[in-house]
Enquirer: 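Here it is, the structure, as C-alpha cells.
For this chain, numbers begin at 1 and follow the sequence in order. Computed from heavy atoms alone, side chains included, the values below leave out hydrogens, waters and symmetry copies. Whatever order the structure lists ligands and atoms in, that order sets their numbers, starting from 1.
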Amino acid sequence: MISSRVSGFYRWSLGERARWVARWGGPSDGVAAERVNILCGPNGLDLTRADQMVENVIGLHGLPLGVALNFVINGRDVLVPMAVEEPSVIAGASFAARLVREGGGFQTDSSDSEMIGQIQVIDVVDVWSARFKLLSAREELLQCANECDPVIVGLGGGARDLEVRVLEGTPIGAMLVVHLVFDCLDAMGANTVNTVCEALAPRIEEMTGGRVGLRILSNLADRRLARARCMIPVEALDTDDFAGEQVARGIVEAWALASVDPYRAATHNKGIMNGVDAVVVATGNDWRAIEAGAHAYAAQSGRYCSLSAWERDNQGNLIGTLEMPMAVGIVGGATRVHPVAGLAVELLGVQSARELAEVIVAVGLAQNLAALRALATEGIQRGHMRLHARQVALAVGAAEHEVASVVERMIAEGHVRPDRAEAILAEHRREVNPGSHQRGQ
Ligand code: MEV
C-alpha cells in the first residue's frame with residue numbers, strides 16, 4: 001500500500017494528482033484509467049444520470065473535489081476525498097493529519113448502525129396504559145417491523161428495540177411517541193425506517209385506540225455514534241513563532257470556551273463540519289441529515305456545546321476526541337448512482353458504513369485541530385488569505401494566467417477585496433498590453 005503521506009502534492013499538476021490518486025489501492029491499469037475518466041473525464045455525473053436522480057433537472061452544479069493526505073486511521077493509511085467550495089479546508093485537514101500522524105494516527109470506534117423511527121400517537125385516552133400495552137407487545141411489533149425488510153434482516157440487521165415515550169406537556173396535550181430502533185447495517189436507512197414506521201402504524205392505532213400522526217425517522221441518530229481520538233506530541237506543535245507547549249495550551253483554552261458558550265460552540269462545530277460535510281458530500285451521503293444530527297446532539301444536554309474535547313495527558317501531549325451521530329451509508333442512495341461518489345467510497349477503502357462513519361469523524365477532528373491551532377497561534381486569516389485572494393481574483397474575471405499577479409499584489413498591499421482585485425487586474429492588463437485600453441478593449 002502506498003503511503004498517504006505526500007509532500008508537495010499541491011505543486012503537482014491537476015492531471016498528475018488525479019493519475020496518482022487513481023492508482024491508490026493498486027488497481028489494474030484499466031481501472032486506474034477509468035477512475036481518471038470519472039474524476040476529470042467524460043465518465044463523471046452526466047445529465048442523463050442527473051435527470052434520474054432528482055426532478056426538473058436543468059443542468060449540473062459542480063464542486064471542487066480534492067484529497068486530504070497524511071491520514072492514518074487505526075493504523076491504515078487513508079486517502080480522503082473531500083468535496084468543498086471553501087479554500088483552506090483540504091489543506092487544513094491534511095496539515096492536521098500530518099501532526100496526528102506523529103502521534104500514531106487516529107483511533108476510531110463506532111456503535112451499531114441503529115436508527116430511530118418515530119411514530120406519533122395522538123388522541124389516546126389513557127397514555128400510560130397505552131404505553132404499557134405497546135411495551136407488552138414489543139416482540140410482536142419488532143417481528144412486524146422485520147417482515148418489512150427481509151433482506152436487511154437476512155444480513156443480520158433489523159428491528160432491535162421499542163421504546164415508548166409519553167409527552168405530557170405538548171401544545172395539544174399528552175401524546176405518545178413510539179421509537180422503533182432499527183439496525184440499518186450499511187445503508188443510511190431513511191427509506192427502510194420510514195417504511196417500517198408506516199407499516200407499524202395501523203397495529204399501533206389498534207393497540208392504543210389513538211390516532212397515528214407522523215411516521216418518520218429521527219435525524220438525532222444518538223444510537224448511531226462514531227468517535228475518534230488522536231494524540232499529538234507536544235513537540236510536533238512547535239512552529240517558528242510558537243513553542244508547542246504554548247500551542248497545546250492555546251488549543252485547550254480555545255476548546256474551554258466552546259465547551260461552555262453556544263456562540264463559540266456554533267463556530268467551533270462549524271469548523272468540525274467543514275471536514276465532516278466535505279467527505280459526506282464526496283461520498284454522496286445526505287449532509288443535511290448529518291448536520292441536523294450533529295447540532296441536535298450538541299444541544300442534547302439542554303445547552304448547545306462543543307462536539308469535540310481537547311485536553312493534555314500527563315506528559316503534556318495534546319489529546320483530542322470527537323463523538324457524534326454519523327448516519328451514513330455505502331449502499332443505496334446517491335453513493336451508488338453518482339459515479340464520483342462511488343469512486344470516493346472505493347478510494348477510502350472502507351468496507352462498511354460504520355468504517356465510513358469513523359473516517360468521517362476522524363476528518364472532523366482533524367479539521368477542528370487545524371482551526372484551533374491556527375486560532376491559537378497566528379490567527380485564521382494569514383493562512384486563509386492567499387487562497388481567498390485567488391477566489392477574489394477569479395471572481396472579478398482574472399484569467400488563470402493573470403491570477404498569480406493579482407493575488408501577489410493584493411497580499412503585498414494587505415487588502416484582499418474585489419474592488420482592489422478589479423483595479424489591480426486592470427492595471428496588470430495595461431502593463432502587459434499597454435495599448436489595449438486606448439483601443440477600448
Ligand atoms: C471557518 O470555516 C471555520 C472556523 O471558524 C472554525 C473555528 O473557528 O473553530 C475557523
Side-chain angles (χ1 to χ4, degrees), residues 10 63-68 80-100 106 227-230 232 237 239 241-242 246-282 287-288 290-295 297-299 303-312 318-324 360-392 394-395 416-417:
Y10 65 96
L63 269 182
L65 179 77
V67 275
V80 184
M82 299 175 82
V84 63
E85 85 301 341
E86 184 175 329
S88 302
V89 168
I90 299 171
S94 303
F95 177 77
R98 183 156 70 74
L99 297 180
V100 172
F106 295 88
R227 52 196 81 87
R229 176 187 181 276
C230 65
I232 304 106
L237 292 165
T239 73
D241 301 324
F242 297 87
Q246 224 178 332
V247 179
R249 190 172 354 110
I251 290 173
V252 175
E253 287 166 357
W255 163 73
L257 176 59
S259 72
V260 296
D261 175 31
Y263 286 92
R264 173 56 204 156
T267 323
H268 179 101
N269 291 344
K270 191 275 182 183
I272 293 172
M273 300 313 285
N274 276 344
V276 166
D277 285 342
V279 188
V280 171
V281 172
W287 54 269
R288 284 87 53 213
I290 299 301
E291 283 282 338
H295 298 295
Y297 190 67
R303 182 175 64 188
Y304 185 89
C305 57
S306 157
L307 285 164
S308 65
W310 291 94
E311 60 195 340
R312 312 283 299 277
L318 181 66
I319 310 287
T321 48
L322 171 63
E323 180 180 62
M324 59 189 291
I360 294 172
V361 174
V363 178
L365 187 58
Q367 208 71 55
N368 187 217
L369 171 62
L372 296 189
R373 183 196 156 276
L375 289 167
T377 56
E378 61 193 24
I380 208 74
Q381 284 308 84
R382 196 163 134 197
H384 243 56
M385 264 318 157
R386 188 165 295 274
L387 288 162
H388 174 55
R390 248 191 87 75
Q391 284 202 336
V392 172
L394 287 169
V416 180
R417 296 194 313 254

Enquirer: Tell me whether Lys270 has any N or O atom under 3.5 angstrom from an N or O of ligand 1.
Expert: yes
Enquirer: Here's a test for you: under side chain to side chain contact (heavy atoms under 4.5 Å, CB included), which of Ile251, Asn368, Ile232 qualifies with Arg373?
Expert: Ile251
Enquirer: Note the single closest protein heavy atom to atom 10 (C) of ligand 1, along with its residue, its atom name and the distance in Å.
Expert: Ile380 CD1, 3.7 Å
Enquirer: Indicate the atoms forming the closest heavy-atom contact of Trp255 with Ala309, along with that distance.
Expert: NE1-CA, 3.3 Å
Enquirer: Which option out of Ile272, Val89, Thr267, Leu372 puts a heavy atom nearest to atom 6 (C) of ligand 1?
Expert: Thr267
Enquirer: Quick check for you: to the nearest 0.5 Å, what is the distance between Arg229 atom CZ and Leu365 atom CG?
Expert: 10.5 Å
Enquirer: Using a 4.0 Å heavy-atom cut-off, which part of Leu375 comes near ligand 1: side chain, backbone, both, or neither?
Expert: side chain
Enquirer: Can you tell me which residue and heavy atom of the protein come closest to atom 8 (O) of ligand 1, and the distance to 0.1 Å?
Expert: Arg264 NH1, 2.9 Å
Enquirer: With a 3.5 Å distance limit and no angle check, can you tell me whether Asn269 reaches the backbone of Leu307 through a side-chain donor-acceptor pair?
Expert: yes
Enquirer: Over all heavy atoms of both residues, which pair between Ala282 and Ala83 is shortest? Give the atoms and the distance, please.
Expert: CB-N, 3.8 Å
Enquirer: Of all the heavy-atom pairs spanning Arg312 and Ile319, show the shortest one and how long it is.
Expert: C-CG1, 4.4 Å
Enquirer: Give the atoms of ligand 1, by number and element, whose distance to some non-hydrogen atom of Glu86 is under 4.0 Å.
Expert: 1 (C), 2 (O)
Enquirer: Can you tell me the protein heavy atom closest to atom 3 (C) of ligand 1 and the distance?
Expert: Asn274 ND2, 3.6 Å
